[in-house]
Amino acid sequence: MICNNLSVNEKGHLAFAGQDTVELAKEYKTPLYLIDEDRIRYNCRVYVNAFSKYFSNGSYPIYAGKANCFKRIYEIIKEEGMGCDVVSLGEMYTAIKAGFPLEKAFFHSNNKTDDDIDFAIEHKIGHFVVDSKDELLAINEIAAKHCVKQKILLRITPGIDPHTYEAVNTGKVDSKFGSAIQTGQAQEITGVALKLENIVLDGFHCHVGSQVFDSDTFIRSADIMLRFIRDMKEKYGYVAPILNLGGGYGVRYTENDPVIDIDKNISLVSGKINEMCEKYAIDLPKIVMEPGRSIVADAGLTLYTVGSIKRIPEYKNYVSIDGGMTDNPRYALYGSTYTAFVANKMNEEKDFCASIVGRCCESGDIIQENVPLPSTVQRGDTIAVLTTGAYNYSMSSNYNRLPKPPIVALSNGESRVVVKRETLEDIIRNDI
Ligand SMILES: *Cc1c(COP(=O)(O)O)cnc(C)c1O
């Protein structure tokens with residue numbers, strides 16, 4: 001199995017976090033998101049422990065909330081000693097309501113409105129990650145109104161192509177995010193930030209992409225960013241206290257995806273940082289990293305009930321489920337790969353091939369094409385799609401006015417609802 005929180009029990013059912021998924025589907029109905037809290041904690045600890053071993057004092061990992069955002073997640077992240085990043089007032093509000101200390105939060109987004117900035121300063125956000133000069137000036141002005149000196153990082157574009165999907169690639173010079181080193185804009189915005197009365201420049205940030213497997217990517221970006229830090233020291237006499245290297249470590253969606261040793265990767269990045277700082281005679285910055293996917297992806301699994309099955313002889317086969325692109329748009333968006341099983345028939349031979357499709361009025365509403373399944377698959381069976389903890393619930397929609405599934409958290413053999421299933425009344429709650 002692709003993650004050790006999966007197994008097959010004595011009934012031939014798929015077990016997740018030690019619990020029978022077929023029983024969970026019966027109890028909580030489908031579609032259903034499951035989240036394995038113990039796995040989230042395990043993933044957090046890998047980062048927290050590696051950070052304390054390899055990086056300078058005051059370094060810490062932060063969870064990128066956009067991967068999966070609801071109140072319970074922030075409670076866990078807080079208990080595990082991580083910070084968080086938020087990209088909107090919705091995420092920030094969720095964190096606030098979960099009691100997350102906002103001084104350990106970083107506010108991202110390539111376009112923060114004046115209202116966003118005002119709200120964040122009012123709630124004492126720790127850092128803004130500033131994307132552009134327009135935004136920098138706006139934050140300075142709004143901070144002045146609040147009589148505060150606002151801490152910020154500047155988002156820098158290092159000019160790296162991490163060889164992942166185009167849509168999640170954010171580190172190239174022509175990216176919509178950040179200020180590029182190559183064009184001189186990164187240097188210019190640093191000069192501006194250092195002069196502003198109500199801004200405290202606390203360092204630099206970069207994020208080059210997502211679902212990154214090659215260990216070289218973070219080393220290359222650390223290298224470029226430390227050279228930039230050295231250049232800023234030479235030009236302005238400014239030594240950056242914080243270097244935030246972004247998120248992006250990949251996870252296993254299928255058996256073909258490699259296993260990443262995060263601890264080892266972080267030790268390699270740290271080795272590079274120490275070497276460069278010594279070479280350039282700059283103080284070791286505090287390091288921040290922003291994992292999202294690698295914290296929650298393998299802690300999630302989605303259950304569906306099979307509806308109709310369509311066999312089109314000599315063409316293809318379809319297995320329809322009671323969810324789809326509304327709860328998991330990733331195949332529709334990126335052609336993402338997933339592993340899926342008939343959860344109640346784990347020991348049967350997979351002698352049939354079908355596309356698992358959703359119930360929306362879109363031909364592109366596909367969870368996965370050409371999935372090997374038992375030919376006995378029938379209406380009423382339970383389908384499990386693995387590794388859905390990241391960018392599923394957070395990207396879900398009400399297209400076709402489908403209510404969103406609930407999230408049931410599993411821990412220590414117990415299960416409980418942490419996000420309720422939407423009702424038909426929820427669907428019309430804002431209609432007048
Ligand atoms: C999306 C994002 C992350 C998290 O990326 P993962 O691939 O989920 O680890 C971190 N930082 C920024 C700025 C992002 O946009």
Side-chain angles (χ1 to χ4, degrees), residues 40 43-44 46-48 50-51 60-69 73-74 77 82-88 90-92 95 104-112 125-132 135 152-158 160-172 175-179 203-215 217-218 221-222 225 242-253 257-258 260 262 265-266 269 287-300 329-330 333-334 336 387-395:
I40 297 180
N43 292 335
C44 289
V46 168
Y47 280 96
V48 170
F51 266 63
Y60 58 97
I62 67 177
Y63 168 63
K66 74 177 199 269
N68 200 347
C69 185
I73 289 257
Y74 286 105
I77 297 298
M82 288 178 61
C84 73
D85 79 35
V86 296
V87 299
S88 70
E91 288 186 6
M92 201 184 302
K104 283 185 89 176
F106 290 70
F107 187 11
H108 278 286
S109 158
N110 67 309
N111 185 14
K112 305 170 186 77
I125 189 92
H127 289 87
F128 281 84
V129 181
V130 175
D131 200 82
S132 67
E135 183 185 307
I152 67 152
L153 303 182
L154 289 173
R155 180 163 181 165
I156 304 299
T157 317
I160 283 180
D161 178 355
H163 309 295
T164 55
Y165 307 121
E166 194 57 34
V168 295
N169 184 340
T170 53
K172 291 198 292 186
S175 165
K176 81 164 179 174
F177 298 102
S179 308
F204 301 107
H205 166 276
C206 68
H207 170 75
V208 295
S210 202
Q211 191 60 352
V212 174
F213 287 102
D214 93 64
S215 64
T217 299
F218 286 94
S221 49
M225 293 299 287
I242 296 179
L243 172 59
N244 180 335
L245 291 171
Y249 279 119
V251 301
R252 303 186 78 204
Y253 288 99
D257 292 325
I260 299 196
I262 304 255
N265 260 271
I266 289 178
V269 174
I287 303 297
V288 174
M289 275 186 173
E290 309 171 317
R293 190 189 308 272
S294 53
I295 297 292
V296 287
D298 58 15
R330 291 188 68 254
L333 274 173
Y334 316 116
S336 307
T387 332
T388 57
Y391 305 107
N392 275 228
Y393 175 66
S394 62
M395 284 186 160

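Every heavy atom of this structure was used, including side-chain atoms; hydrogens, water molecules and symmetry mates were not. Both ligands and their constituent atoms are indexed starting at 1 by order of listing.
- Taking a cut-off of under 4.0 Å to the non-hydrogen atoms of Gly247, the atoms of ligand 1 that pass are 9 (O), 10 (C), 11 (N).
- Checked by distance only, ligand 1 and Glu290 come closer than 3.5 Å through their nitrogen or oxygen atoms.
- Looking at ligand 1, you'll find an N or O of Tyr391 within less than 3.5 Å of one of its N or O atoms.
- No part of Met289 comes within 4.0 Å of ligand 1, judged by heavy-atom distances.
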Q.
The test is side chain to side chain contact (heavy atoms under 4.5 Å, CB included); show your working for Cys206 and Thr157 and say whether it passes.
A. CA-CA 6 Å; Cys206 68; Thr157 317; over 6 Å; no

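- A 4.5 Å side-chain heavy-atom check between Glu290 and His108 finds at least one atom pair inside the cut-off.
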Q: Applying side chain to side chain contact (heavy atoms under 4.5 Å, CB included), run through His207 and Val129 and close with a yes or a no.
A: CA-CA 11 Å; His207 170 75; Val129 181; over 6 Å; no

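- Contacts of Ser210 with ligand 1, taken as heavy-atom pairs under 4.0 Å, involve both backbone and side chain.
- On a distance-only criterion, Gly292 and ligand 1 share at least one N/O pair closer than 3.5 Å.
- Those atoms of ligand 1 that come under 4.0 Å of a heavy atom in Pro291, given as number and element, are 9 (O).
- When atom types are taken as modelled, the side chain of Gln211 and the backbone of Val251 share a donor-acceptor pair closer than 3.5 angstrom.
- With ligand atoms numbered from 1 in the order given, ligand 1 contributes 13 (C) to contacts under 4.0 Å with heavy atoms of His108.
- Judged by the shortest distance from any of its heavy atoms, Ser294 lies outside the 4.0 Å radius around the atoms of ligand 1.
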Q.
side chain to side chain contact (heavy atoms under 4.5 Å, CB included), that's the test. Do Asn110 and Ser132 meet it? Break it down for me.
A. CA-CA 8 Å; Asn110 67 309; Ser132 67; over 6 Å; no

Q: Might you work through the side chain to side chain contact (heavy atoms under 4.5 Å, CB included) test for Thr387 and Arg252, ending with a clear yes or no?
A: CA-CA 7 Å; Thr387 332; Arg252 303 186 78 204; over 6 Å; no

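- Taking only non-hydrogen atoms, the option from His205, Lys66, Gln211, Arg293 nearest to atom 3 (C) of ligand 1 is Lys66.
- At least one heavy atom of Gly248 sits under 4.0 Å from some atom of ligand 1.
- Ring geometry, Tyr47 versus Phe51: the interplanar angle falls from 30° to 60°, so the pair is classed tilted.
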